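To start, the structure under review is shown below, and the notes come after it.
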Amino acid sequence: MATLNTTSSIPSKCGSSALQMGPRKKVSLSEPLVSHGRHFGRTVFALCNYPSLLTNGILRLEQMEDNLLEDFSAEERREHRVFEQLLDSYPSLLDHLKDRSEEEILHVGELIGKGAAGARGDDTKTLKAAVLDWIASNGEAIQPPLHRNTKIDRGFNHELTGSLLCPAGLNWKDPQYVSIYWHHGKMLVSGDQWPIFLYANQVYDPEDPWCSLLRSRLLVLAYKYVFTSPSSVVRELKATQSSNAHLHGMISVTIASIAYITIQVRFALSSSSVFLRTDTTTDSETFYHSLLDLLEDTEESLEVNELLTWWNRQIFPTSSAAKRPISANSTLSKIRQKCIALKQATNIVST
């Protein structure tokens, strides 16, 4: 089995990794680039230093005139894929950046980054209260009560949020976790220890970890709340004209948008009050990257495609991406199989 190249053979002129969060600054939301950044951060890559992404990407384009992308490190290849996705999503962006000064390129990156940070901040604020309505059992009051405007009593400081954040594979009902972690709030969980709420009905099968992964009701409600409007959470509605999905022509779920909603819900359940990359309590950046590592792994493509089809049925049921696969023994399946066989036979004869 071939090993992946994790180091770069190309002398790097790039700055720090762009796939980490940069400093926060305020900027007007009236800019088109800011609006685009809001959607890009939600659906393509959330925790990104956009000024570095642009400057590194442009330098790498120059280097790739003499080198292949495979010659770069795994981190650089991933960063460049995000850069290319940004260019594809905003067709005039590369032309806009050509022959620009470094200062102007950095400014464009700041505008996009501020849009992404603004969207993340807005979603963090609104989901903080909304998530409490979704985790209450059958609409009953949460006991002890959880405050909607503060989070100090959430996380492992509360039995309900603690049970949802408990890493899959651990038993929250085990007295050692309740006594040590719940009562004393001492449990620190690394980002690659995924919480049980990622699984439908909070059921984890250690023999089949893919089973019901990222299919929980809580995630679906949060996704609808952010992308297809808060009202779509309580009743079946198409995305309204003012929804984030409609405004950006979004008709299918993306891998990164699932990961984005997942880190948002995890943060909403936690006791942390401010979303910080360096927060050791939530370790959100590690969590986000670990999800993408799985969902972008080509060896997991079958499970990921099935997952995306399931998600599209929940969020965009009328889109082509939500259509169920053709039954193996159906008439349509047999017609298509025969058509494929005829084409293959024709190709063999012609060669």
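Just so you know, these numbers come straight off a predicted model, no measurement behind them.
Here the side chains of D297 and V304 are not in contact, with every heavy-atom distance at 4.5 Å or above. Side chains of D153 and H158 form no contact here, defined as non-hydrogen atoms less than 4.5 Å apart. At a threshold of 4.5 Å between non-hydrogen side-chain atoms, the residues L307 and I255 do not count as touching. Taking 4.5 Å as the limit, some side-chain heavy atom of R100 sits within range of a side-chain heavy atom of H96. Under the 4.5 Å side-chain criterion, counting only non-hydrogen atoms from C-beta, F45 is in contact with L292. Q193 has its side chain out of reach of F287: every pair of non-hydrogen atoms, C-beta onward, lies at least 4.5 Å apart. For the pair R60/E79, a side-chain contact is recorded, criterion being any heavy-atom separation below 4.5 Å from C-beta on. A 4.5 Å side-chain heavy-atom check between W194 and V189 finds every atom pair outside the cut-off.
Side-chain atoms of D283 and T286 include a donor-acceptor pair closer than 3.5 Å. If you check the side chains of E102 and T55, you find no donor sitting under 3.5 Å from an acceptor. If you check the side chains of S137 and E140, you find no donor sitting under 3.5 Å from an acceptor.
You'll find the ring centres of Y225 and W134 inside the 6.0 Å limit. The aromatic ring centroids of F40 and H248 lie 6.0 Å or more from each other.
Taking both residues in full, the closest heavy atoms of Y50 and A116 are given as CE1-CB, 3.7 Å, listed atom of the first, atom of the second, then distance. When all heavy atoms of S252 and N312 are compared, the pair lying nearest together is CA-OD1, 3.2 Å. For L53 against C48, the heavy-atom pair with the smallest separation is CD2-SG, 3.9 Å. Across every non-hydrogen atom of S272 and K151, the tightest pair is O-NZ, 2.7 Å. The two atoms that bring Y288 and A259 nearest to each other are CE1-CB, 3.7 Å, heavy atoms only. Taking each heavy atom of A245 and T228 in turn, the nearest pair found is CB-CG2, 4.5 Å.
The cluster map of Ile, Leu, Val, Met, Phe, Trp and Tyr, joined by side-chain heavy atoms under 4.5 Å apart, puts L93 and L106 in different clusters.
Atom CD1 of I152 has 12 or fewer heavy atoms from other residues, nucleotides or ligands within 6.0 Å. A 6.0 Å sphere centred on CD of Q143 holds more than 12 heavy atoms belonging to other residues, nucleotides or ligands.
Formation of a donor-acceptor pair under 3.5 Å by the N67 side chain with backbone atoms of M64 is not found in this model. Between the side chain of T150 and the backbone N or O of H147 there is no donor-acceptor pair closer than 3.5 Å. Checked by atom type and distance alone, the side chain of Q314 never pairs as donor or acceptor with a backbone atom of W311 at under 3.5 Å.
Ring geometry for F267 against F275 counts as tilted: the plane angle lies between 30° and 60°, on a 0 to 90° scale. Classification of the F227-H39 ring pair by plane angle, with boundaries at 30° and 60°, yields perpendicular.
Atom CG of N244 is separated from atom CZ of R38 by 7.0 Å, given to the nearest 0.5 angstrom. To the nearest 0.5 Å, atom CZ of residue R154 and atom OG of residue S273 are 11.0 Å apart. Atom OG1 of T43 and atom CD1 of I258 lie 12.0 Å apart (nearest 0.5 Å). Going from atom OG of S163 over to atom CG of L269 covers 9.0 Å, rounded to the nearest 0.5 Å. Remark: S270 OG to K128 NZ distance equals 11.0 Å, nearest 0.5 Å. To the nearest 0.5 angstrom, Y223 atom OH is 10.0 Å from T262 atom OG1.
Ionic pairing of D133 and R148 is present here: one or more N-O contacts between side-chain nitrogen and carboxylate oxygen are shorter than 4.0 angstrom. Using a cut-off of 4.0 Å between Lys/Arg side-chain N and Asp/Glu carboxylate O, D123 and R120 are scored as not salt-bridged. Salt bridge annotation for E159-K173: present, with a cationic side-chain nitrogen under 4.0 angstrom from a carboxylate oxygen.
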Quiz item: Under the salt bridge (Lys or Arg N to Asp or Glu O under 4.0 Å) criterion, do R81 and D88 qualify, and how do the steps go?
Solution: CA-CA 10 Å; R81 286 195 297 270; D88 290 341; over 6 Å; no
Practice problem: Report the C-alpha separation of N56 and F83 in whole Å, then their side-chain angles, then the decisive distance to 0.1 Å, and conclude whether the side-chain contact (heavy atoms from CB on, under 4.5 Å) test is met. | Solution: CA-CA 9 Å; N56 292 355; F83 173 70; over 6 Å; no
Practice problem: Check the pair R42 / S257 against side-chain contact (heavy atoms from CB on, under 4.5 Å), numbers first and verdict last. | Solution: CA-CA 6 Å; R42 284 171 170 147; S257 64; 5.9 Å; no
Quiz item: So V44 and T254, side-chain contact (heavy atoms from CB on, under 4.5 Å) or not? Walk me through it.
Solution: CA-CA 7 Å; V44 180; T254 66; over 6 Å; no
Quiz item: Hey, mind stepping through R78 and D293 against side-chain contact (heavy atoms from CB on, under 4.5 Å) and telling me if it holds?
Solution: CA-CA 10 Å; R78 180 183 225 175; D293 285 342; 3.1 Å; yes
Side chains of residues 196-210: which donor-acceptor pairs under 3.5 Å do they make with residues two or more places apart or in other chains?
| residue | atom | partner | partner atom | Å |
| --- | --- | --- | --- | --- |
| Y199 | OH | P209 | O | 2.7 |
| D205 | OD1 | E207 | N | 2.9 |
| W210 | NE1 | E300 | OE1 | 2.9 |

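For the side-chain hydrogen bond (donor to acceptor under 3.5 Å, both in side chains) test, no residue two or more places apart in sequence or in another chain qualifies with S301.
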